[in-house]
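All remarks here apply to the structure that follows.
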Amino acid sequence: MSGNSLFRVEIDNKSLISGISSKMSEIDKVSVESFSTLVRKIKSLADSLSNELVADLPKENLDIHRKTYVFACDGTIYTHKYSSIYLALASACSYNPSDKSLKPIFLPDIFFSHPYHGDLVCSLRMKSLEYQVAYETLKLMIEDEKKPDLVLLDGTLTFPDDFRTSDSPDWVREEFEDRFLTQAKKFFELLEKEKILVAGISKDPTANKYLLGIRKYLTEEWRKRYSSMQYLKCPVEISNNILLKSLFADEKSWKQNFSVLNELALMRQILWNKSFKRTRIVEVSCATRFPIAIENIRGKVAGFYFKIFPENRPFYVEAIFWEREDYDRIFQILSNLSYYSPRPGYPAPLFFAHHIGKISSEYAENILKLVHSILVSKLQGDYKLLLEDKFRESL
C-alpha cells in the first residue's frame, strides 16, 4: 500500500468525536501547563507592582453625591452584513439620572458602509453620534444653568488609537475627518472652555495603554510623540524608581513580562480582594499607536483602573483634568457614582444610559429588514449586486 493510501486510511478512521477527544487530551497535557505558567507570571508581577501602583479611593460620601450633577452618554450599533455592503442602525443616548425633568436625548442613524474597513467605519459612526448627543446635551445644560460636574462616556477617550488616515481610502478618511473628528473637536473644545471634567469608562479593555503609558513615561519616549511639549499636561503619579525602570524601561524585561499579557488580568490580580482602590495615574495619549487626532487633549489623558467592592472587577478609566483642583474631585465622584449604583461598582449614570439607549436585536433586525425591503424595491433586480444575503447565510 502506498504512503498516500496509508494516510487516507488513517484519516478515514478519524471520526469527529475521536478527533475532538484527541485535542481535549492535548489541552489537558500541554495547554493547562501553558496557562499555569501565564498565571504564575501574572501573580508574580502583581506581587512586585502592588505597592508601586495601588492608591486609595475616597470612601462614598452621600452629601457630596446628592450635590453632584452628572450626565452619561452611551451608544449602540446593529449591523447586517450583506454580500457587498453593510447596513447599520446606530444610536446614541444621553441621560442624567439626577434630574428627572431632563429626558434622555437620542440620536439615531441608518447608513450603509462598504465591507472594506466596514467595522471601523461603523465604530466611527457610532462614536460620532455619541459625541454629537453629548455636545447637544451639554449645551442645553449650560444654557439652563445646570452645568454638570462630570460627563461620563462609554469607552476610551483615546479612540480610535489605531487609525492612520494616509493608509485609508478617501471615503474612510471623510468619515473620520468630516464626521467623527468634527464632532469630537466641538465636544472637547466646549468641555475645555467650560472646564468640565470628562471621563470614559471601558468595561472590557483589550489594549495595554495603561502599561504602555508607564513605559513611555519612564523611558521618556512620549517626547518623540509630542516633540513640542516640555512636559505632559496631566499629573503623573508613577515613581521613576529602580524597580519600575527594570520592569518597564528595560526592553528585554518588557518583552518577557508584558508582550503576551493583557493588562486587565494583571489589574484584577493587583486589586484582588481590595475595595476603594485605584491604580496610580499615568498619561496614556502618548501610548497609542499614532498621535491622538483630537489636538486639545494630547498629553492630557490620565489613565487608571478603579475598583469599589472586593467582589467586583476593576474598570479602566481615561479622564481629563482641565484644572489642577479637578485631580482629587474626580475620584470622589467616581466612588459615589459606583457605590450608589444599581450595578454595584459601575457608575450609575452609564448603567442607566446603557439600558435606556440599548436597541434590542429584534427591534434593530426589523428596522434593517424594512430598510432592506425599501432598497430592494427601488433597485429591483440589481439589488443582488449589493444586497444579496451572503452565501453561507443561505446554506
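Predicted model only: the values in this text are computed from it and were never measured. When reading the values below, keep in mind they use all heavy atoms of this one structure, side chains included, and skip hydrogens, waters and symmetry mates.
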Heavy-atom side-chain contact between [X] and [Y] under 4.5 Å:
X	Y	value
I297	I320	yes
S83	L387	no
I196	P148	yes
V151	L197	no
I356	D74	no
N96	Y69	yes
V172	P169	yes
P235	F321	yes

With the threshold set at 4.0 Å, does a side-chain nitrogen-carboxylate oxygen contact exist between [X] and [Y]?
X	Y	answer
R329	D149	yes
K203	D154	yes
D119	K81	yes
E283	K300	no
R313	D204	yes
K185	E295	no
R125	E130	no
K186	E189	no
E221	K224	no

With rounding to the nearest 0.5 angstrom, report the [atom1] to [atom2] distance, [X] to [Y].
X	Y	atom1	atom2	result
Q332	L337	CD	CG	10.0 Å
K59	I308	NZ	CD1	10.0 Å
H114	S84	NE2	OG	10.5 Å
N208	L264	CG	CG	9.5 Å
K245	S253	NZ	OG	13.0 Å
K277	L53	NZ	CG	13.0 Å

* Quick one: sort the H355 and F351 rings into parallel, tilted or perpendicular, breaks at 30° and 60°. =>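 Ring orientation, 0 to 90° scale: tilted.
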* Asked: How are the rings of W254 and F248 set to each other: parallel, tilted or perpendicular (split at 30° and 60°)?
  ->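 Answer is tilted, since the angle falls between 30° and 60°.
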* Asked: Between Y346 and F315, is a ring-ring contact (aromatic ring centres under 6.0 Å, His included) present by the stated rule, with each step listed?
  -> CA-CA 8 Å; Y346 186 67; F315 295 102; 5.1 Å; yes
Side chains of [Y] and [X]: any donor to acceptor distance under 3.5 Å?
X	Y	value
E318	T158	yes
E52	N241	yes
Y78	E365	yes
T37	R40	yes
S285	Y226	yes
R225	T288	yes
S15	S18	yes
N336	E60	no

Within 6.0 Å of [atom1] in [X], more than 12 heavy atoms from elsewhere:
X	atom1	answer
F111	CZ	yes
K390	NZ	yes
I242	CD1	no
W272	CH2	no

Please report the shortest heavy-atom distance between [X] and [Y], naming the atom on each side.
X	Y	answer
I105	V133	O-CG2, 3.3 Å
V236	L232	CG2-CD1, 4.3 Å
F306	I201	CE2-CD1, 4.4 Å
L218	S239	CD2-O, 3.8 Å
A46	L266	N-CD1, 3.7 Å
L368	A88	CD2-C, 4.0 Å

Is there a continuous path of hydrophobic side-chain contacts, each under 4.5 Å between heavy atoms, that joins [X] to [Y]?
X	Y	answer
I330	L350	yes
Y231	V301	no
Y383	F112	yes

* Asked: Could you go step by step and tell me if I292 and L157 meet the side chain to side chain contact (heavy atoms under 4.5 Å, CB included) rule?
  -> CA-CA 10 Å; I292 294 298; L157 304 184; over 6 Å; no
* **Evaluation steps, ring-ring contact (aromatic ring centres under 6.0 Å, His included), between H372 and Y82** => CA-CA 10 Å; H372 180 263; Y82 294 98; 4.7 Å; yes
* Full working for side chain to side chain contact (heavy atoms under 4.5 Å, CB included) between K274 and S50 -> CA-CA 11 Å; K274 292 182 171 65; S50 183; 4.2 Å; yes
* Structure fact -> Contacts satisfying ring pair (Phe, Tyr, Trp, His ring centres under 6.0 Å) that involve residues 129-149 (not counting sequence neighbours) are Y131-F180, Y131-F187, Y131-F188
* Asked: Quick one: ring pair (Phe, Tyr, Trp, His ring centres under 6.0 Å) pairs with a partner in residues 197-224, sequence neighbours left out?
  ->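 Counting only pairs at least two positions apart or across chains, the ring pair (Phe, Tyr, Trp, His ring centres under 6.0 Å) contacts touching residues 197-224 are Y210-Y305.
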* Run the numbers on H354 and F352 for ring-ring contact (aromatic ring centres under 6.0 Å, His included), then give the verdict. => CA-CA 5 Å; H354 172 78; F352 290 122; over 10 Å; no
